Amino acid sequence: MAERQIISCRDGADLSERAADEFVRLARQAIQLAGRFTVALSGGSTPKALYTLLAAPGVAQRISWNRVHLFWGDERCVAPDHPESNYRMVEESLISKIQIPHENVHRMAGEKTPQIAALEYEAELKGFFGLADGGLPRFDLILLGLGEDGHTASLFPGSAALNDEEHLVSAVYVDKMNTYRLTLTLPVLNAGKEVVFLVAGASKAAIVKELLGGQASATNFPAARIQPRDGKLTWMITADAVPKEKII
């Protein structure tokens with residue numbers, strides 16, 4: 001079982017500040033030890049607030065962005081300038097506002113045929129991390145969101161991708177959205193050094209109770225299968241997303 005930490009935050013601003021402090025701490029630590037910091041980013045409104053804060057002068061100047069490598073945990077199968085693109089959100093809120101080398105930004109090619117894009121991103125991961133066959137990339141930080149249905153990244157309940165232990169990246173067809181998405185697979189997510197869920201809003205209270213409150217049904221949700229084998233799992237949760245029954 002992964003080491004788990006649960007941090008209750010006052011509100012979204014407090015969550016973003018705490019997450020930014022952790023991002024800076026881990027970046028400095030990784031750069032000192034290995035000369036680079038690798039992070040897999042999440043989409044969504046809660047991470048967007050974090051990225052906006054990371055781009056603020058007072059925070060951005062604390063990070064050696066030329067040593068930071070940005071990857072994505074998942075992506076919609078759309079062009080990079082599409083309003084629903086996770087890359088576009090990060091580009092607008094963070095990348096365009098900091099001094100980071102172009103080659104340090106490793107986006108998923110959502111505009112390509114999904115299966116081809118998945119294979120290409122897997123090849124990029126293998127090349128960047130120098131992986132032998134069967135090896136897994138070990139990100140310094142993986143940021144994840146949480147859906148009300150218990151999905152995380154683009155791993156949805158009932159998805160065949162939940163059992164994919166062969167690939168690093170899957171092209172996932174999401175029935176209820178009638179579209180494909182690209183996602184890192186569970187083995188990759190569980191190989192992270194530090195995995196952080198960012199959860200905000202009262203609409204998440206029910207699923208937070210299921211996942212963290214000891215409910216027997218929790219194993220039905222993809223997010224429950226995030227258990228880093230040799231890493232740390234942190235949940236940062238706003239007060240309104242914590243159910244009335246105390247779990248923290």
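Everything numeric in this text was worked out from a predicted model, so none of it was measured.
- Under the 4.5 Å side-chain heavy-atom criterion for ILVMFWY residues, a single connected hydrophobic cluster contains both Leu162 and Phe221.
- In this structure, CG on Leu189 lies 9.0 Å from CZ on Phe139, to the nearest 0.5 angstrom.
- The nearest pair of heavy atoms linking Pro137 to Val188 is CG-CG1, 3.7 Å.
- How far CD of Glu17 is from CG of Leu53: 6.5 Å, rounded to the nearest 0.5 Å.
- Closest of all the heavy-atom pairs between Ala223 and Thr152 is CA-CG2, 4.0 Å.
- Between the side chain of Ser64 and the main chain of Asn66, no donor-acceptor pair closer than 3.5 Å is present.
- Ion pairing between Glu91 and Arg88 fails under the 4.0 Å rule for side-chain N and carboxylate O.
- Judged purely by distance below 3.5 Å, without hydrogens or angles, the side chains of Asp74 and Thr183 never pair a donor atom with an acceptor atom.
- For the atom pair CZ of Arg4 and CG of Leu233, the computed distance is 7.5 Å after rounding to the nearest 0.5 Å.
- Between the side chain of Ser85 and the backbone N or O of Asp81, no donor-acceptor pair lies under 3.5 Å.
- To the nearest 0.5 angstrom, Ile142 atom CD1 is 11.5 Å from Lys193 atom NZ.
- Ile63 is listed as a side-chain neighbour of Phe23, based on a closest heavy-atom distance under 4.5 Å.
- Smallest separation of non-hydrogen atoms from Leu184 and Leu155: O-CD1, 4.0 Å.
- Between Arg229 and Pro187, the closest heavy-atom pair is NH1-O, 3.9 Å.
- When all heavy atoms are compared, the tightest approach of Val242 to Ser8 is CG2-OG, 4.2 Å.
- Taking CG of Leu54 as the start and CD1 of Ile98 as the end, the distance is 8.0 Å to the nearest 0.5 Å.
- Of all non-hydrogen atoms in Ala239 and Arg10, the two that sit nearest each other are CB-O, 3.7 Å.
- Annotation: side chain of Ile7 is not in contact with side chain of Trp235 (no heavy-atom distance under 4.5 Å).
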| field | side-chain contact (heavy atoms from CB on, under 4.5 Å) between Val199 and Met236, intermediate numbers included | value | CA-CA 6 Å; Val199 184; Met236 294 188 179; over 6 Å; no
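- Phe156 belongs to a hydrophobic cluster with Val172, Val174, Met177, counting contacts under 4.5 Å between side-chain heavy atoms of Ile, Leu, Val, Met, Phe, Trp and Tyr, direct or through other members.
- In Arg107, the CZ atom is crowded: over 12 heavy atoms of neighbouring residues, nucleotides or ligands sit closer than 6.0 Å.
- Within 6.0 Å of CD in Gln99 there are 12 or fewer heavy atoms belonging to other residues, nucleotides or ligands.
- Residues Leu143 and Phe197 fail the side-chain proximity criterion, which asks for heavy atoms closer than 4.5 Å.
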Between side-chain atoms of residues 33-50 and protein atoms elsewhere (two or more places apart, or another chain), which donor-acceptor pairs fall under 3.5 Å?
unit_1: Thr38; atom_1: OG1; unit_2: Asp140; atom_2: N; d: 3.1
unit_1: Thr38; atom_1: OG1; unit_2: Asp140; atom_2: OD2; d: 3.1
unit_1: Ser42; atom_1: OG; unit_2: Gly145; atom_2: N; d: 3.4

| request: Test Glu75 against Arg181 for side-chain contact (heavy atoms from CB on, under 4.5 Å), laying out the working first. | output: CA-CA 6 Å; Glu75 181 58 279; Arg181 288 193 179 185; over 6 Å; no
Could you go through residues 118-129 and list every donor-acceptor pair under 3.5 Å that involves a side-chain atom there, pairing it with any protein atom two or more places apart or in another chain?
unit_1: Glu120; atom_1: OE1; unit_2: Lys112; atom_2: NZ; d: 2.7
unit_1: Glu120; atom_1: OE2; unit_2: Lys112; atom_2: NZ; d: 3.3
unit_1: Tyr121; atom_1: OH; unit_2: Trp72; atom_2: N; d: 3.1
unit_1: Tyr121; atom_1: OH; unit_2: His106; atom_2: O; d: 2.6
unit_1: Glu122; atom_1: OE1; unit_2: Leu168; atom_2: N; d: 2.8
unit_1: Glu122; atom_1: OE1; unit_2: Val169; atom_2: N; d: 3.4
unit_1: Glu122; atom_1: OE2; unit_2: Lys126; atom_2: NZ; d: 3.4
unit_1: Glu124; atom_1: OE2; unit_2: His106; atom_2: ND1; d: 2.7

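- Taking Ile, Leu, Val, Met, Phe, Trp and Tyr as members and joining any whose side-chain heavy atoms lie under 4.5 Å apart, directly or through other members, the hydrophobic cluster of Tyr173 also contains Tyr180.
- For the pair Arg76/Thr179, no side-chain contact is recorded, criterion being any heavy-atom separation below 4.5 Å from C-beta on.
- Side-chain atoms of Ile207 and Glu210, non-hydrogen and from C-beta on, do get closer than 4.5 Å to each other.
- Judged by distance alone, the side chain of Trp65 and the main-chain N or O of Ala60 form a donor-acceptor pair under 3.5 Å.
- When the side chains of ILVMFWY residues are joined at heavy-atom separations under 4.5 Å, either directly or via intervening members, Leu94 and Val105 end up in a single hydrophobic cluster.
- Evaluation of the ring pair (Phe, Tyr, Trp, His ring centres under 6.0 Å) test over residues 38-58, restricted to residues two or more places apart or in two chains, returns none.
- Judged by distance alone, the side chain of Arg225 and the main-chain N or O of Leu186 form no donor-acceptor pair under 3.5 Å.
- Distance alone, capped at 3.5 Å, places no donor-acceptor pair between the Lys97 side chain and the Ala56 backbone.
- In this structure, Pro157 and Pro222 have side chains that are in contact, with non-hydrogen atoms separated by less than 4.5 Å.
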| field | Test side-chain contact (heavy atoms from CB on, under 4.5 Å) applied to Leu131 and Leu136, step by step | value | CA-CA 7 Å; Leu131 302 178; Leu136 294 170; 5.7 Å; no
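- For the pair Val24 and Glu22, the minimum side-chain heavy-atom distance is 4.5 Å or more.
- A distance of 5.5 Å separates CZ of Arg28 from CZ of Arg62, quoted to the nearest 0.5 Å.
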| request: Using the side-chain contact (heavy atoms from CB on, under 4.5 Å) rule, take Gln61 and Val59 through it: C-alpha gap first, then chi angles, then the decisive distance, then the call. | output: CA-CA 5 Å; Gln61 65 188 16; Val59 180; over 6 Å; no
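- Sorted by first and then second residue, the pairs that involve residues 145-165 and meet salt bridge (charged side-chain N to carboxylate O under 4.0 Å, His left out), not counting sequence neighbours, are Asp149-Lys176.
- Between Thr238 and Asp240, the side chains place a donor N or O and an acceptor N or O closer than 3.5 Å (distance only, hydrogens not considered).
- The number of heavy-atom neighbours closer than 6.0 Å to CD of Gln115, taken from other residues, nucleotides and ligands shown, is above 12.
- Inter-residue side-chain proximity for Ile100 and Leu70 is flagged as met; some heavy-atom pair is nearer than 4.5 Å.
- Taking 4.0 Å as the cut-off between side-chain N and carboxylate O, Glu194 and Arg25 count as a salt-bridged pair.
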